[in-house]
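Notes for the one structure printed next.
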Amino acid sequence: MFEHQIQPQISGITPYIPGKPISELQRELKLPRVSKLASNENPLGASLKATAAVQAAIADIALYPDGSAFTLKKNLAKFLEYPESGIAVGNGSNELLELVARVFAGPGDEIIYAQYAFAVYPISAQVVGANGIEVPAKNWGHDLSAMLNAITERTKIIYLANPNNPTGTLFEVEEWEAFISKVPRHVIVVLDEAYYEFVSKAVDVNYANGQDYLKDYHNLLVSRTFSKAYGLASLRAGYLLGHDEIIGYINRIREPFNVNHFAQVAAVAALKDQSFVQRVIDNNQQGMQQIIDGINLLGLEYIPSYGNFLCVAFSDSEITAKVNDGLLRQGVIVRPIANYGLTKHLRVSIGTDKENRHFLDALSSLSKLWKSL
Ligand SMILES: *Cc1c(COP(=O)(O)O)cnc(C)c1O
């Protein structure tokens with residue numbers, strides 16, 4: 001009915017497909033036990049300090065939150081040793097990624113991102129009417145030199161995810177430095193570090209911590225989130241680090257109360273409980289190994305991942321769809337990623353030991369689907 005009234009850049013948007021909620025699957029199949037390994041959520045939940053802070057804050061439910069997120073920004077500034085004036089907080093980092101597009105790009109401009117990169121980047125480009133330029137992936141990840149070559153006079157923003165979701169790939173310090181040093185200063189680089197906590201402390205990973213480059217590159221923005229390692233996905237809290245001037249524009253256009261009170265108090269408490277984050281990282285490391293071992297035994301391939309998830313490969317898209325269906329019937333929700341053009345892969349989030357076994361047992365029961373070939 002309204003198709004002629006819809007803005008052209010909006011009508012072309014394909015909706016973001018979230019993981020299937022547990023309640024939906026339970027309703028559909030009446031399953032006793034469901035393991036949701038579809039949305040890279042935290043299998044250990046959240047810090048008890050964060051949940052206690054939310055409980056204590058419930059009395060304030062009728063009040064507007066602090067629109068400046070004063071305490072959260074102060075705590076972030078202290079924790080990160082980075083000036084408050086260079087920090088913006090958002091309703092999840094997703095909001096901040098979109099706000100950057102609104103500040104810097106409009107119709108006719110170009111926004112560059114990689115093939116198989118996070119789905120929010122093309123959506124952010126479309127919403128502002130910019131042309132999304134997808135640069136072919138290299139080994140499932142970002143081809144930074146090809147992305148550099150894709151820059152034109154119209155390029156306004158480059159979105160990068162390190163590690164990337166859904167493929168879990170990482171680019172290393174040397175590659176990153178060669179890239180960022182050559183990007184023209186009028187092009188904004190958004191480095192999405194949603195999985196930062198899972199790699200930043202790993203000794204065997206040559207990881208480029210985006211924050212270290214903000215001083216030298218004023219066209220760089222770094223986004224992070226409380227949704228993954230901190231386990232606060234439902235509350236929606238993320239932050240953006242960058243030059244004061246850019247952060248000032250983000251603050252002008254964001255909604256005045258974009259981060260709710262419970263998200264703010266939980267994030268402050270969660271930041272102070274780094275031992276919880278360490279447990280999350282340790283659990284992820286063990287779970288990743290557990291799933292890789294199981295997948296190797298089943299003769300399947302996977303894309304090596306630096307996140308809290310792993311893409312498992314099957315020989316064709318039909319088998320992939322059948323495996324997904326077979327897993328659902330046994331109460332295991334993973335993420336099909338055909339919407340990313342990855343029709344032969346399923347992405348599984350690393351869970352608890354029990355959830356990982358549920359996944360591997362269910363997968364193993366389906367092995368005739370690929371072994372009969
Ligand atoms: C999960 C995720 C985010 C966003 O999470 P929020 O919950 O909006 O903070 C951003 N980027 C990537 C690559 C992600 O996987």
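Counting convention: from 1, in listed order, for ligands and their atoms alike.
Residue-ligand proximity, Ser227 to ligand 1, at heavy-atom distances under 4.0 Å covers atoms 6 (P), 7 (O), 9 (O). In the vicinity of Ala194, heavy-atom distances shorter than 4.0 Å reach the ligand 1 atoms 2 (C), 3 (C), 10 (C), 11 (N), 12 (C), 14 (C).
For Arg252 and Tyr249, the positive end sits near the middle of the six-membered ring, less than 6.0 Å away and at most 45° from its axis.
Although no hydrogens or angles enter the test, the distance criterion places no donor-acceptor pair under 3.5 Å between the side chain of Thr167 and the main chain of Asn164. A donor-acceptor pair is defined here as one N or O able to donate and one able to accept, closer than 3.5 Å; such a pair exists between the side chain of Thr152 and the backbone of Arg154.
For atom 8 (O) of ligand 1, the nearest protein heavy atom (residue, atom name, distance) is Arg236 NH2, 2.7 Å. Counting protein heavy atoms only, atom 9 (O) of ligand 1 is closest to Thr225 OG1, 2.5 Å. Counting only heavy atoms of the protein, atom 13 (C) of ligand 1 lies nearest to Asp192 OD2, 3.4 Å. Of the protein's non-hydrogen atoms, the one nearest atom 3 (C) of ligand 1 is Lys228 NZ, 3.5 Å.
Contact check on Glu193 versus Arg224 returns a salt bridge, with a Lys/Arg side-chain nitrogen under 4.0 Å from an Asp/Glu carboxylate oxygen. Salt-bridge formation is not detected for the pair Glu95/Arg254: no Lys NZ or Arg NE/NH1/NH2 atom is positioned less than 4.0 Å from an Asp or Glu carboxylate oxygen. Ion pair Lys228/Glu197 not flagged as a salt bridge, since none of the NZ, NE, NH1 or NH2 atoms sits closer than 4.0 Å to an Asp/Glu carboxylate oxygen.
Atoms OH and CD1, from Tyr113 and Ile123 in turn, are 9.5 Å apart once rounded to the nearest 0.5 Å.
Taking distance alone, with nitrogen or oxygen atoms compared against 3.5 Å, Asn40 stays at or beyond that limit from ligand 1.
For the residues Phe118, Tyr195, Tyr239, the heavy atom positioned nearest atom 15 (O) of ligand 1 is part of Tyr195. Selection from Ala237, Ser93, Ser39 by nearest heavy atom to atom 5 (O) of ligand 1 gives Ser93.
Note on ligand 1: Gly238 sits outside its first shell, no heavy atom being nearer than 4.0 Å.
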